[in-house]
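Everything on this sheet refers to the single structure shown next.
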Amino acid sequence: MPSATDLYDPLDARVLRDPYPVLAELRRTTPVFWHEGMGSWALTRHADCVRVLRDHALFARDPRRTGGTVPEPSLSVQTLDPPQQSRVRSLFMTALRAQDLGAVEERARRLVTGRLDVLAAGGQFDVVAELAVPLSVAVVADLLGVEPPPYAEFAEVSDAIMRSMDGGLDPSLVEPGRIARQRLSELVDGWFAASSRPGLLDHVRRAGPGADPRARLYVKNTARVMFQGGYSTMAAAVGNAVAVLLDRPEALEQMRDAALLATGVDELVRFDGPVQGTTRVAVRACRIGGVDVAAGQKVVALFAAANRDPDAFLGADRLVLDRAPNPHLGYGWGPHSCIGTTVAQAGLRALVAALASYPAQLVAAGEGVRRRTATMRAYQTLPARLHR
Ligand code: HEM
């Protein structure tokens, strides 16, 4: 019988195309399994994932708590744990709540409609390059209140960072990721030095980390994570959502209804979300799902598996637009859950609303190609055209 590691190779072509059958089988047979390639315990059940993500005292995000190191440029809201993380997180959350997300959503919707007008005049196009990337750069830059960087340059830097998230599987990706983070940090330095427009960054600067150099470092690094992480996850989510809707034109039509639009964008993230999982390290020996985990061992919460867990979701393999409540893990859970959830929801609503109300129908124009990345589930290209 093949081992769980052989069954679940996240970079295998079949798994990249559709990871859900393999994850369902593992959830049924060995819900907590040791994965050789990831050097980690992998959790497939919703309840086990939630437990680990909630319990930051037992499961560390910050590698320094379990004897590891973190390079300075990586010290951000994402790598710190409470209580240090809570201060940075609340600074950004407060700044986010002060933004007018309705206006961000409206501008995003106009941007998508404008692009559809241009694309309607041509033939086949790539949804990733023509819709997902511009929409995501625009939404995140608009939120932060910064000039969107030159796209070609930014895409290259962002891709290197995204690929380095698979550094556990392929260590050669780590160094290009470090260099890319450095280049992005220089861009963010520029934003902090220049007098910026109204937006989240301006708010953070004024509310300020104060003079403490440590706090200033965390804030700057977090601004970088917001921009790059927000952009790349959002772009991946847009590609995945459009692919699901290309397969189900009736769902797009139903989402003309405002209530279904609101619940539907969350269901799209549950059904085929971009972030496949996240890692924590056990601070002490413990048991999860009947398995003994030693102190210092890694534990990966597989969101993709948890989000299709029949014990948590009725009809888990179906897209149910009015699913409520929808306790999916597409935006994570607990103290490290996504800071940008409301922004992502606004961006996805803008996209779907613009597509649903457009006079021409978006149809597939061939098969999409998945990126060969394990942590982030995304399309490299997704061909489509507008049909009148
Ligand atoms: C549909 C789009 C998005 C999805 C599916 C998503 C998903 C996630 C997930 C799963 C996490 C938790 C990862 C973990 O526990 O390791 C996370 C964290 C985070 N996200 Fe998002 N995200 C999206 C968009 C955004 C946007 C637009 C922004 C910013 C504008 C953003 C900012 C962040 C930040 C700063 C964190 C780190 C939070 C922390 O560690 O305390 N995300 N996101």
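In this chain, residues are counted from 1 in sequence order. Every number for a ligand or one of its atoms is a count from 1 in the order of the listing. Keep in mind it's a predicted model, so treat the numbers as computed, not measured.
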Notebook entry, point to check: Does ligand 1 have an atom under 4.0 Å from some heavy atom of Ala236?
Noted result: no
Check: Which of the numbered atoms in ligand 1 are below 4.0 angstrom from a heavy atom of Phe303?
Finding: 10 (C)
Notebook entry, point to check: Please state which protein non-hydrogen atom is closest to atom 40 (O) of ligand 1 and give its distance, to 0.1 Å?
Noted result: His336 ND1, 2.7 Å
Notebook entry, point to check: Quick one: nearest non-hydrogen protein atom to atom 29 (C) of ligand 1, plus distance?
Noted result: Met226 O, 3.6 Å
Next item on the list: Please assess Asp126 against Tyr379 for the test side chain to side chain donor-acceptor pair (under 3.5 Å), listing each intermediate value before the final yes or no.
Entry: CA-CA 10 Å; Asp126 174 20; Tyr379 278 97; over 6 Å; no
Check: Ignoring hydrogens and geometry, is there a side-chain-to-backbone donor-acceptor pair from Arg115 to Glu130 under 3.5 Å?
Finding: yes
Check: Please state which protein non-hydrogen atom is closest to atom 37 (C) of ligand 1 and give its distance, to 0.1 Å?
Finding: Gln78 CG, 3.7 Å
Item checked: Protein contact of atom 30 (C) of ligand 1 - nearest heavy atom, named by residue and atom, plus distance -> Leu143 CD2, 3.6 Å
Check: Relative to the heavy atoms of Pro335, which atoms of ligand 1 are at a distance of less than 4.0 Å?
Finding: 41 (O)
Item checked: For atom 15 (O) of ligand 1, closest protein heavy-atom neighbour -> Arg280 NH2, 3.0 Å
Notebook entry, point to check: Do the charged groups of Asp55 and Arg51 touch, with an N to O distance under 4.0 Å?
Noted result: no
Check: Does anything in residues 247-266 pair up under side chain to side chain donor-acceptor pair (under 3.5 Å), and if so which pairs, sequence neighbours excluded?
Finding: Asp266-Gln345
Next item on the list: Measure centre to centre between the rings of Phe227 and Phe154, then say whether the value is under 6.0 Å.
Entry: yes
Check: Can a salt bridge be assigned to the pair Arg308 and Asp317 using a cut-off of 4.0 Å between side-chain N and carboxylate O?
Finding: yes
Next item on the list: Number the atoms of ligand 1 from 1 as they appear, then name those within less than 4.0 Å of a heavy atom of Gln85, with their elements.
Entry: 39 (C), 41 (O)
Margin query: Suppose I only count heavy atoms of Ser337 and a 4.0 Å limit; which atoms of ligand 1 are within that range?
Written below: 38 (C)
Next item on the list: For Arg183 and Ser185, run side chain to side chain donor-acceptor pair (under 3.5 Å): C-alpha distance rounded to whole Å, both residues' side-chain angles, the deciding distance at 0.1 Å, then the answer.
Entry: CA-CA 5 Å; Arg183 282 177 62 192; Ser185 283; over 6 Å; no
Notebook entry, point to check: Which bit of Pro274 is near ligand 1, meaning a heavy atom under 4.0 Å away: side chain, backbone, both or neither?
Noted result: side chain
Note to self: If we set the cut-off at 4.0 Å for heavy atoms, which region of Phe227 has an atom near ligand 1: side chain, backbone, both, or neither?
What the structure shows: neither
Item checked: Separation between CZ of Arg61 and CD of Gln85, rounded to the nearest 0.5 Å -> 9.5 Å
Note to self: Ring centroids only, cut at 6.0 angstrom: are Phe313 and His46 within range, meaning strictly under it?
What the structure shows: yes
Checklist line | Residue selection (non-hydrogen contact nearest atom 5 (C) of ligand 1) among Gly273, Ala237, Ala301, Gly330 | finding: Gly330
Margin query: If we check salt bridge (charged side-chain N to carboxylate O under 4.0 Å, His left out) with Arg370, which of these qualifies: Asp272, Asp18, Asp12?
Written below: Asp272
Next item on the list: Record the part of Thr222 in heavy-atom contact with ligand 1 below 4.0 Å; permitted values are side chain, backbone, both and neither.
Entry: neither
Note to self: So that I can tick it off, tell me whether Arg371 and Asp159 are bridged by a salt bridge, with the cut-off set at under 4.0 angstrom between side-chain N and carboxylate O.
What the structure shows: yes
Notebook entry, point to check: Are Arg54 and Ser337 close enough, and set up right, to give a side chain to side chain donor-acceptor pair (under 3.5 Å), and what steps lead you there?
Noted result: CA-CA 10 Å; Arg54 249 193 202 140; Ser337 65; over 6 Å; no
Item checked: For atom 21 (Fe) of ligand 1, every protein N/O/S atom that sits closer than 2.8 Å, waters excluded -> Cys338 SG
Check: Are Arg109 and Glu105 ion-paired here, with the side-chain N under 4.0 Å from a carboxylate O?
Finding: no
